[in-house]
Amino acid sequence: MLLEGRVAFVTGAASGIGAAGAKAMAREGATVVLADRDQPKVEQVALALRQEGCKAEAIALDVSDDAALRKAITDAAGRHGRLDILHSHVGIQVEGALEQVAVEDMDASWAINVRSHFVAAQAALAPMRRQGGGSIIITSSNSGVQYDRGMIAYATTKHAVLAMTRQMAADYAKEGIRFNALCPGFVDTPFNQGFEVQMGGREKLETYISSAIPMGRFGTVEEIADGILFLASDRSSFMTGHALVIDGGECI
Ligand code: NAD
């Protein structure tokens, strides 16, 4: 198994891409700590994994709480004796162009899409340094490598977190701590509810997906989980500072 003996910490693990990545890592032998602010849901995901024979535990966590985020990561590393993988995944999408986005919503986007990843990565450094390396995966988006229409808060913060990931990769490469950004395109999860409204409903969203995405469809969470597994494991051992775009060709 690819991740036997490894310990992984995943935020936003109760649903969608975060859950799929956590499941994929657990099924490859990792002990996975699944963190999410939706406690009942994250407990269900962890329980289902344990019932399959995987090693998984759930914790309730809101990543906007710096102290709680730091403590959850430090405690997980302490409890399991190491931390090999951090997938810092939670993000928010505030729709709108410059005139439509309130300053408070821009601040909220920075707090979750950039700041929470900074805090999480900072907390993961000490245990990873002690054991001589690790893999930190930060979820950006293909909106981190291209420009959307009417999404100033999202596209700006997703570009920023990609820049931060590359900076951290350069700073810690010599210590064997790898930092890569996960950049999915459209994946059919509850995350796109706001965009669906912005587009004018489900039917319009589906028409948009079939015409705007060269492959003509949404990605599946399993297709993104394959990328997570690659970045988490030694299969990507010579890769750091990379933006792994998985988007059906949207940003070509
Ligand atoms: P999702 O809605 O299925 O899951 C998001 C999870 O995050 C939920 O379980 C939710 O409870 C949890 N969460 C939200 N805010 C939280 C907080 N403050 N603290 C802790 N947990 C919190 O969404 P998803 O699509 O699987 O993942 C969203 C992430 O993926 C975001 O970073 C987003 O930018 C990125 N992304 C998604 C898509 C897509 O099309 N779905 C595309 C590109 C990037």
Side-chain angles (χ1 to χ4, degrees), residues 1-91 111-112 115-139 165 168 172 175-180 182 225 228-237 240:
M1 286 204 276
L2 274 179
L3 299 176
E4 194 65 57
R6 310 269 168 101
V7 176
F9 188 101
V10 182
T11 73
S15 173
I17 298 167
K23 288 179 198 169
M25 290 194 279
R27 289 171 183 151
E28 284 293 338
T31 297
V32 183
V33 180
L34 295 96
D36 201 287
R37 70 177 175 193
D38 187 335
Q39 186 167 8
K41 209 167 163 195
V42 76
E43 279 175 359
Q44 267 174 27
V45 178
L47 176 63
L49 280 170
R50 288 197 298 276
Q51 285 168 344
E52 281 181 35
C54 295
K55 298 177 281 292
E57 63 184 42
I59 58 166
L61 173 71
D62 187 327
V63 300
S64 66
D65 180 339
D66 293 351
L69 176 56
R70 222 175 266 130
K71 184 174 182 324
I73 293 172
T74 306
D75 287 356
R79 223 170 27 253
H80 297 289
R82 56 188 300 117
L83 180 67
D84 301 280
I85 300 147
L86 165 68
H87 180 197
S88 189
H89 176 67
V90 174
I112 299 295
R115 192 170 193 278
S116 78
H117 301 300
F118 175 89
V119 172
Q122 216 171 37
L125 272 182
M128 289 186 176
R129 173 177 286 141
R130 263 198 306 276
Q131 72 208 21
S135 171
I136 296 183
I137 304 163
I138 293 180
T139 296
T165 304
M168 297 188 295
Y172 293 97
E175 295 194 65
I177 304 172
R178 302 188 293 114
F179 292 80
N180 291 290
L182 181 74
I228 295 168
L229 213 48
F230 174 67
L231 293 177
S233 73
D234 294 342
R235 292 269 165 94
S236 60
S237 53
T240 195

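Among the candidates Ile73, Ile59, Val90, Thr139, the single residue satisfying the side chain to side chain contact (heavy atoms under 4.5 Å, CB included) test with Thr11 is Val90.
Residue pairs meeting the ring-ring contact (aromatic ring centres under 6.0 Å, His included) criterion with at least one partner in residues 30-87, sequence neighbours excluded, are His87-His89. Pairs engaging residues 116-131 under the side-chain hydrogen bond (donor to acceptor under 3.5 Å, both in side chains) rule: Asp84-Gln131, Ser88-His117, Arg129-Glu175 [sequence neighbours left out].
Contact check for Pro127 versus Arg82: no side-chain heavy atoms found under the 4.5 Å cut-off. Looking at Gln44 and Leu47, their side chains never come closer than 4.5 Å, going by heavy atoms from C-beta outward. In this structure, Leu61 and Leu69 have side chains that are in contact, with non-hydrogen atoms separated by less than 4.5 Å. A 4.5 Å side-chain heavy-atom check between Leu86 and Ile137 finds every atom pair outside the cut-off. With contacts defined as side-chain heavy-atom distances shorter than 4.5 Å, the pair Arg37/Val63 does not qualify. When side chains are defined from C-beta on, Glu52 counts as touching Leu49, because their heavy atoms get closer than 4.5 Å. Looking at Ser233 and Glu28, their side chains never come closer than 4.5 Å, going by heavy atoms from C-beta outward.
In terms of heavy atoms, Ala77 sits closest to Leu83 at CB-CB, 4.0 Å. The minimum heavy-atom distance between Ala46 and Leu34, with the atom names listed, is CB-CD1, 4.0 Å. Nearest heavy-atom pair, Ala24 versus Ala225, reported as atom, atom and distance to 0.1 Å: CB-CB, 4.1 Å.
Note: Met128 CE to Arg178 CZ = 10.0 Å, rounded to the nearest 0.5 Å. Note that OH of Tyr172 and OG1 of Thr240 are 12.5 Å apart. Values are rounded to the nearest 0.5 Å.
Residues Arg6 and Thr31 have side chains that never bring a donor and an acceptor to within less than 3.5 angstrom of each other.
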_Intermediate values then yes/no, side chain to side chain contact (heavy atoms under 4.5 Å, CB included), Val10 and Ile85_ = CA-CA 8 Å; Val10 182; Ile85 300 147; over 6 Å; no
_Derivation and outcome, side chain to side chain contact (heavy atoms under 4.5 Å, CB included), residues Leu182 and Ile138_ = CA-CA 6 Å; Leu182 181 74; Ile138 293 180; over 6 Å; no
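With sequence neighbours left out, the side chain to side chain donor-acceptor pair (under 3.5 Å) criterion links Ser237 to no other residue. In this structure, the salt bridge (Lys or Arg N to Asp or Glu O under 4.0 Å) partners of Asp66, at least two apart in sequence or on a different chain, are Arg115. Take Arg79 and apply the side chain to side chain donor-acceptor pair (under 3.5 Å) test, not counting sequence neighbours, and it matches Glu57. Residues meeting the side chain to side chain donor-acceptor pair (under 3.5 Å) test with Lys55, sequence neighbours left out: none.
The number of heavy atoms from other shown groups lying within 6.0 Å of CZ (Arg235) does not exceed 12.
Between the Ser236 side chain and the Phe230 main chain, a donor and an acceptor come within less than 3.5 Å of each other.
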